[in-house]
Enquirer: 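Attaching a single structure in structure tokens format; questions to follow.
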Amino acid sequence: MSSTKKPISQKHADREKQESRTLTRVYYTFLLGLAAECYLFLVYRGFISGTIQAVLTWNKILNVALWLGLAALVTGVVVGYVKRQDKKLRIIMTWVAGAGVFFFISSWIMTRFFTNGFGVIAMCILVPILVVLSLIYLLYQPECALSAVVLSGAMFSVWLRGASAHSDVWNMPVIAGCVVVAVLLAAALFLVNKARQNDGKLWGLRVFSAECDYRIVFTVLAAAAALVLLAAVLPGITYYLMWVLGILLFAELVFYTTKLM
């Protein structure tokens with residue numbers, strides 16, 4: 001009777017191949033993040049710190065980039081879907097759509113929130129955060145990536161609540177946003193529980209590893225929702241809530257790092 005199990009040498013080869021693909025993705029993600037950050041610093045130098053002529057020029061460039069980004073996004077999604085059987089073209093269109101998303105969103109934020117360079121500064125901060133979260137997704141378990149995204153998003157929500165506490169324009173919208181975030185986290189709790197009941201799968205797709213400790217994920221989601229709602233009610237303690245979320249994020253990353261060893 002022949003065995004269907006792979007020999008140990010084949011398993012090692014498959015694992016090395018998977019590790020090589022992961023490291024390649026990490027390398028490209030880092031380079032893309034570095035390129036995006038250099039572009040944003042260039043925009044800051046001309047659009048925020050430059051002369052009046054430079055500001056006007058960059059305003060035109062960013063508006064063109066916004067519409068080109070939207071066109072690239074639509075083209076990438078449509079062509080990628082229509083030609084989804086062509087793997088090579090689908091990958092190219094994914095890159096096109098990704099570039100479109102970056103230029104469309106970044107250009108809109110930088111031109112929409114021009115006062116005091118808030119939009120450009122926000123993008124300069126947001127890009128490294130997204131790169132780090134992407135690296136966590138590539139290197140760690142899916143549940144670790146989810147927990148990191150949730151805690152990072154909760155920290156941003158809490159910070160935004162504190163920053164808008166004395167604003168006549170943004171106070172109520174941010175409170176409403178905190179409530180929406182809490183509702184979304186409650187929905188995520190429901191989906192995580194559904195995945196737990198189906199061996200880490202949702203709608204037939206594996207979203208969590210077989211060794212996932214769901215207690216950690218449930219705790220992260222519940223704590224994030226509670227702290228965001230607390231910030232909505234008591235904006236004066238947002239500084240301390242951010243520390244709590246930061247400690248939880250650090251502890252979560254340490255926990256999943258030890259599981260990889």
Side-chain angles (χ1 to χ4, degrees), residues 29-30 33 36-37 40 105 109 113 118-167 170-196 207-209 211-261:
T29 299
F30 177 78
E37 196 68 11
L40 293 171
I105 294 179
I109 290 176
F113 301 99
F118 178 80
V120 180
I121 294 173
M123 285 302 305
C124 288
I125 296 172
L126 183 61
V127 165
I129 292 174
L130 291 177
V131 170
V132 171
L133 291 176
S134 298
L135 295 178
I136 291 174
Y137 172 76
L138 292 172
L139 294 172
Y140 287 79
Q141 304 91 332
E143 52 270 21
C144 176
L146 173 64
S147 298
V149 169
V150 167
L151 291 173
S152 299
M155 287 182 68
F156 175 75
S157 300
V158 170
W159 169 80
L160 193 61
R161 175 67 185 113
S164 65
H166 302 290
S167 172
W170 293 104
N171 186 40
M172 290 307 297
V174 171
I175 292 176
C178 288
V179 174
V180 171
V181 168
V183 171
L184 292 175
L185 290 173
L189 269 169
F190 171 78
L191 292 175
V192 170
N193 186 56
K194 184 177 179 180
R196 181 184 64 83
V207 293
F208 297 116
S209 65
E211 301 81 16
C212 175
D213 188 340
Y214 291 95
R215 295 172 299 176
I216 303 296
V217 183
F218 288 143
T219 301
V220 166
L221 290 170
L227 293 175
V228 168
L229 287 177
L230 190 59
V233 177
L234 300 172
I237 63 171
T238 53
Y239 174 80
Y240 304 101
L241 295 180
M242 288 183 65
W243 268 101
V244 173
L245 287 165
I247 292 171
L248 287 175
L249 178 59
F250 176 77
E252 175 252 336
L253 290 175
V254 169
F255 172 78
Y256 285 108
T257 300
T258 58
K259 289 188 68 176
L260 290 176
M261 295 179 178

Enquirer: Just so I know, are the side chains of Glu37 and Pro128 near enough to count as touching, which here means a heavy-atom distance under 4.5 Å?
Expert: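 Yes, side chains in contact.
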
Enquirer: Locate the shortest heavy-atom distance separating Leu253 from Thr257; write the atom from each residue and the value.
Expert: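 Scanning both residues, the minimum pair turns out to be O-OG1, 2.6 Å.
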
Enquirer: How many angstroms lie between atom OH of Tyr256 and atom CG of Asp213, to the nearest 0.5 angstrom?
Expert: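 These two atoms lie 6.5 Å from each other.
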
Enquirer: Counting only heavy atoms not in Tyr214 (residues, nucleotides, ligands), do more than 12 fall under 6.0 Å from its OH?
Expert: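 For Tyr214, atom OH is crowded (more than 12 foreign heavy atoms under 6.0 Å).
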
Enquirer: Of all the heavy-atom pairs spanning Met155 and Met242, show the shortest one and how long it is.
Expert: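 Looking at all heavy atoms of both residues, the shortest contact is CE-O, 3.9 Å.
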
Enquirer: Do Val150 and Val217 come within less than 4.5 Å of each other through their side chains, counting heavy atoms only?
Expert: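 Result no, sub-4.5 Å side-chain heavy-atom pair not found.
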
Enquirer: Any chance you could measure Leu245, atom CG, to Thr238, atom OG1, to the nearest 0.5 Å?
Expert: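 Going from CG on Leu245 over to OG1 on Thr238, the span is 11.0 Å.
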
Enquirer: In terms of heavy-atom contacts, does CZ of Phe255 have more than 12 from other residues, nucleotides or ligands at under 6.0 Å?
Expert: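 Yes, because the 6.0 Å sphere around CZ of Phe255 holds more than 12 heavy atoms from other groups.
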
Enquirer: Using a cut-off of 6.0 Å, state whether more than 12 heavy atoms not belonging to Phe218 lie near its atom CZ.
Expert: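 It does: Phe218 CZ has more than 12 such atoms within range.
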
Enquirer: Could you tell me if the side chain of Leu146 sits less than 4.5 Å from the side chain of Phe208, heavy atoms only?
Expert: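 Counting from C-beta outward, Phe208 and Leu146 do come under 4.5 Å.
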
Enquirer: Atom OH of Tyr240 and atom CG of Leu230: how far apart are they, to the nearest 0.5 Å?
Expert: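 Rounded to the nearest 0.5 Å, the OH-CG separation comes to 13.5 Å.
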
Enquirer: Does any non-hydrogen side-chain atom of Ile216 lie less than 4.5 Å from one of Glu143?
Expert: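 No, side chains not in contact.
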
Enquirer: Decide yes or no for Leu185 and Val181: does some side-chain heavy atom of the first lie under 4.5 Å from some side-chain heavy atom of the second?
Expert: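 Heavy-atom side-chain distance check passes, below 4.5 Å.
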
Enquirer: Work out which heavy atom in Leu248 is nearest to a heavy atom in Ala223; give both atom names and the distance.
Expert: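 Closest approach of Leu248 to Ala223: CD1-CB, 4.1 Å.
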
Enquirer: Leu249 and Ala148: which non-hydrogen atoms are nearest, and at how many Å?
Expert: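 Closest heavy-atom pair between Leu249 and Ala148: CD1-CA, 3.8 Å.
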
Enquirer: Any heavy-atom pair between the side chains of Met123 and Val127 that's under 4.5 Å?
Expert: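 When only atoms from C-beta onward are counted, Met123 and Val127 do touch, with a gap below 4.5 Å.
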
Enquirer: Testing the basics here: between Val179 and Leu229, what is the closest heavy-atom pair and its distance to 0.1 Å?
Expert: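 The pair with the smallest heavy-atom distance is CA-CD2, 4.4 Å.
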
Enquirer: Nearest 0.5 Å, please: how far is CG in Leu126 from CG in Leu133?
Expert: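 Nearest 0.5 Å value for the CG-CG distance: 9.5 Å.
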
Enquirer: Testing the basics here: between Cys178 and Ala232, what is the closest heavy-atom pair and its distance to 0.1 Å?
Expert: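 Shortest heavy-atom separation between Cys178 and Ala232 comes out as CB-CB, 3.9 Å.
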
Enquirer: If we only count heavy atoms from C-beta on, is the Tyr140 to Leu135 side-chain gap below 4.5 Å?
Expert: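 Contact flag for Tyr140/Leu135 side chains = no.
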
Enquirer: Measuring from atom NZ of Lys194 to atom CG of Leu191, what distance do you get when rounded to the nearest 0.5 angstrom?
Expert: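 One finds 7.0 Å between NZ of Lys194 and CG of Leu191.
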
Enquirer: Just verifying a value: how many Å separate Leu221 CG and Leu189 CG, rounded to the nearest 0.5 Å?
Expert: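 That separation rounds to 4.5 Å.
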
Enquirer: Heavy-atom distance under 4.5 Å between the side chains of Asn171 and Arg161, does that happen here?
Expert: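 In short, these two side chains touch, coming nearer than 4.5 Å.
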
